[in-house]
Amino acid sequence: MVHAMTVDYILPFHVENLDIRGRGANFTTLIDEVLEHHTDYPEPVQRVLAECIAFAAMFSSNLKSEGRVIMQVQTTGPIRLCVVDVTLPDKIRALARFDDERVAKAIKSGYISTSALMGRGHLAITMDLGKSLDRYQGVVAIAGQGLERAADQYFNQSEQIPTKMRLVAKKTDGKWLARGFFIQHLPKMAVQKDMDGGDGSEVIEDNHWAEAKALVSTVEDEEMILADVTPEKLAFRLFHESDLRIYPKMSFKAQCTCSRDRLQALVSQFSHEEKADLAIEGKVTVDCDFCGRKYEFKAEEVN
Ligand SMILES: [Zn+2]
């Protein structure tokens, strides 16, 4: 059997001489499959969600355990909410909530960058990594700086790891491509506490890190999204002179993890009024918000 070529993957790499590790993301079919359930989203909303998926997958691929990672971006812009739900190691589902009128207005006026569509709010990542570990949530503010910078700040604040994140998505001839690329500094002397005892910590930025960040910044979005600029080619182009090591690709797929049992448990927690609103002729019908699948319960099943 010949395996189908992997088109949806994360590529881990390490640059020995610059003390950095990184990840690249390449998602095509996966994005198309997630968005098949959300054909009513305007294209710029689909694009932002695709960028969120690339970020959530790269973030999740850093975790070795089983469990679940939920990334939520809640904002006051035309897009109100993006949720990417990753069931480790490889299942992804996602949805967005947005204001139709404000998105239409943004499209008309051309203000459709990710930062413009998000506006202000926060990025939260909840990790539920199995029995032995507590649920953990990290949160970072989004104050108009967009998703890439919020992601950098998330890693800086939650893990004290200097990070440079790039995210870009584009639809060409009806097919989506989302690319992500990030590097993290793993210095020998990691972090030095502020001398004034403030809660912030100051990271010693060495020349290697400055050089690596500058290299990643030189890549234009338009270039990053070219079909043949795969993460492996980009990593090679930027870092092949600095002892680049590429690790095996990690594949991801679009798959909703909803089930009758899960939805039944969820609906059972609704208030009497909410259940009464949903009930028609003694039956409660609920659609999965992620994949649209319909589940029907008898009223007594969700009491
Ligand atoms: Zn579902």
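Counting starts at 1 for both ligands and their atoms, following the listed order. The structure presented is a predicted model; accordingly, all values stated were derived computationally and were not measured.
Within the protein, the number of N, O or S atoms lying under 2.8 Å from the Zn ion (ligand 1) is 4.
Side chain to side chain, T114 and R47 meet the donor-acceptor criterion of an N or O pair below 3.5 Å.
You'll find the side chain of V48 stays beyond 4.5 Å of the side chain of Y41, heavy atoms only. Contact annotation: the side chain of F55 approaches that of M165 to within less than 4.5 Å [non-hydrogen atoms, C-beta and beyond]. Contact of the R21 side chain with the P12 side chain is not registered, since no non-hydrogen atoms from C-beta on lie closer than 4.5 Å.
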Walk me through whether R93 and D85 qualify under salt bridge (Lys or Arg N to Asp or Glu O under 4.0 Å).
CA-CA 5 Å; R93 60 180 189 166; D85 180 345; 3.0 Å; yes

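Taking a 6.0 Å sphere around NZ of K170, one finds it holds 12 or fewer heavy atoms contributed by other residues, nucleotides or ligands.
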